[in-house]
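Okay, structure first, notes after.
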Protein chains: 2
Amino acid sequence: MKVSEQPSVSVKAPMCPSRGVLEHVTSRWGVLVLAALVERPYRFSELRREVGGVSEKMLAQTLQTLERDGFLLRDAKPVIPPRVDYSLTGLGREAAEQVWALARWTERRTADVQAARAAYDEARSS
Amino acid sequence: MKVSEQPSVSVKAPMCPSRGVLEHVTSRWGVLVLAALVERPYRFSELRREVGGVSEKMLAQTLQTLERDGFLLRDAKPVIPPRVDYSLTGLGREAAEQVWALARWTERRTADVQAARAAYDEARSS
DNA sequence: AGTGGGTACTTACGAAAGGTTAGCGCTCTC
DNA sequence: GAGAGCGCTAACCTTTCGTAAGTACCCACT
């Protein structure tokens with residue numbers, strides 16, 4: 001069999017580095033941070049207000065992970081009070097636009113999912 | 001302000017049900033299960049072999065969640081040995097194709113991410 | 001002068017999620 | 001008749017996550 005048929009990097013393999021990358025992109029807060037930054041750059045506290053429910057700890061952790069992976073740029077300005085801007089890189093924008101589309105799809109289809117859940121639960125209780 | 005401008009269902013709101021739906025779709029194993037089922041229906045054990053590294057417990061849990069959300073159909077045939085087929089619904093296919101695209105994108109870009117990590121780590125150590 | 005608020009984080013601890021191992025009832029193969 | 005395969009389920013333990021507080025600095029208000 002040809003090697004070119006199967007990609008050497010596959011998300012299906014447990015030890016493949018692509019698995020970890022996908023987990024960062026699809027992480028609980030990673031998705032929402034990326035989706036928010038599609039619109040425009042944000043400051044730390046702005047982002048915290050925009051992404052409802054995220055703690056400062058988890059936001060900082062998520063931003064560090066995504067920055068390290070090359071998805072976003074951190075621009076810390078040496079002013080008082082501190083000001084740090086976060087924006088997408090080219091790589092980050094490619095990922096962000098996909099998760100943003102997924103988030104929008106989810107919003108549109110949430111009612112259908114809720115109906116499916118109600119049907120599922122009723123079929124079990126009766 | 002008009003209600004129609006902002007969707008009543010937004011992933012940005014902490015208590016919105018769409019948040020939960022998105023978390024199911026983007027969950028660690030949910031992504032991989034959906035991506036696998038894009039190709040064709042799978043049996044339980046087939047899926048377990050296809051999605052490398054998933055435990056039986058987590059696979060069963062993930063499948064139940066996705067079934068309840070209306071993303072996939074569970075077809076348990078009353079034969080010995082037990083045979084259970086899982087396939088995508090229409091709703092599930094819409095979601096699955098998006099996460100599949102994201103998974104493929106990740107595989108293609110993993111090398112870039114690894115390069116970014118190396119650059120990030122070096123900038124810190126030196 | 002002192003109090004409260006805003007900035008971007010970090011640290012410590014309890015709670016929740018996730019993972020590992022084992023078992024179950026049944027059948028077909030060796 | 002011993003072992004493997006099937007699709008789960010229950011107990012247990014570890015890793016992750018969220019919550020609350022602390023840090024250091026400055027401005028506005030009282």
Side-chain angles (χ1 to χ4, degrees), chain A residues 12-16 19-33 36-37 41-69 72-87 120 123-124, chain B residues 12-16 19-34 36-37 41-69 72-87 120 124:
Chain A
K12 294 173 185 173
M15 295 306 173
C16 182
R19 178 75 64 93
V21 175
L22 186 60
E23 278 166 19
H24 290 171
V25 172
T26 62
S27 70
R28 177 167 188 194
W29 302 115
V31 170
L32 299 172
V33 165
L37 289 173
Y42 277 90
R43 306 180 49 184
F44 185 89
S45 304
E46 270 183 333
L47 213 42
R48 179 153 148 67
R49 283 185 291 268
E50 184 71 13
V51 177
V54 67
S55 67
E56 293 191 350
K57 174 194 164 184
M58 288 313 295
L59 182 56
Q61 194 175 106
T62 302
L63 289 170
Q64 279 172 13
T65 301
L66 294 177
E67 187 201 355
R68 189 171 104 99
D69 283 0
L72 46 86
L73 277 179
R74 180 176 183 275
D75 182 17
K77 305 198 163 122
V79 295
I80 299 288
R83 177 191 179 92
V84 183
D85 290 324
Y86 291 93
S87 58
Y120 181 94
R124 301 232 140 186
Chain B
K12 294 172 185 174
M15 294 305 174
C16 183
R19 178 77 64 95
V21 176
L22 187 59
E23 278 167 19
H24 290 170
V25 173
T26 62
S27 70
R28 176 168 188 191
W29 302 115
V31 172
L32 299 172
V33 165
L34 289 173
L37 288 172
Y42 276 90
R43 306 179 53 182
F44 185 89
S45 304
E46 271 184 333
L47 213 42
R48 181 153 146 67
R49 283 186 290 267
E50 184 71 12
V51 177
V54 67
S55 66
E56 293 190 350
K57 174 195 166 186
M58 289 312 295
L59 181 57
Q61 195 176 104
T62 302
L63 289 170
Q64 280 172 14
T65 301
L66 295 177
E67 185 200 356
R68 188 171 105 100
D69 284 0
L72 46 86
L73 278 179
R74 180 177 183 275
D75 182 18
K77 303 196 163 125
V79 295
I80 298 290
R83 177 190 178 93
V84 184
D85 290 323
Y86 291 93
S87 57
Y120 182 93
R124 300 232 140 185

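Naming convention: chains lettered A, B, ... in sequence-line order (proteins, then strands); numbering from 1 in each chain.
Nearest nucleotide to the side chain of B/Q61, out of C/dT7, C/dG18, D/dC6: C/dG18. Comparing C/dT7, D/dG7, D/dT19 against the side chain of A/P81 picks out C/dT7 as the nearest. Listed nucleotides C/dA8, D/dC6, C/dG6 differ in distance to A/S45; the shortest reach to its side chain belongs to C/dA8. Side-chain proximity of A/R28 to the nucleotides C/dT10, D/dC17, C/dT7 is greatest for D/dC17. For A/K57, the side-chain atoms get nearest to D/dT19 when compared with the rest of D/dG5, D/dT19, C/dG6.
When the C1' atom of C/dA8 is taken as reference, atom CZ of A/F44 falls 6 Å away, rounded to whole Å. D/dC17 atom C1' lies 12 Å from atom CD of B/E23, rounded to whole Å. Rounded to whole Å, the distance from CG on B/L63 to C1' on D/dG7 is 11 Å. Atom-to-atom, CZ of A/R83 to C1' of D/dC26 comes out at 16 Å; the value is rounded to the nearest Å. Atom pair A/M58:CE and D/dT16:P shows a separation of 11 Å (rounding to whole Å applied). Computed from coordinates, the B/R19 CZ to D/dG18 P distance equals 10 Å when rounded to whole Å. Computed from coordinates, the A/Y42 OH to C/dA8 C1' distance equals 18 Å when rounded to whole Å. When rounded to the nearest whole Å, the span between CG of A/D75 and C1' of C/dA8 equals 14 Å.
Side-chain atoms of A/L72 and A/L63, non-hydrogen and from C-beta on, do get closer than 4.5 Å to each other. Within the 4.5 Å cutoff, side-chain heavy atoms of B/L66 are placed close to those of B/L34.
For the OP1/OP2 pair of D/dG7 and a distance below 4.0 Å, the side-chain nitrogens and oxygens of B/Q64 include no atom meeting the criterion. Contact annotation: B/W29 reaches the phosphate of C/dG19 (side-chain N/O to OP1 or OP2, under 4.0 Å). Close to D/dG5, at under 4.0 Å from its OP1 or OP2, lies no side-chain N or O of B/R49.
Nucleic acid contact for A/R48: none, since no nucleic acid atom lies under 4.0 Å from a heavy atom of the residue.
Taking every heavy atom of both residues into account, B/L47 and B/A36 meet most closely at CD1-CB, 4.1 Å. The two residues B/T26 and A/V31 have their closest heavy-atom pair at CG2-CG2, 4.2 Å.
Note that CZ of A/R43 and NZ of A/K77 are 9.0 Å apart. Values are rounded to the nearest 0.5 Å.
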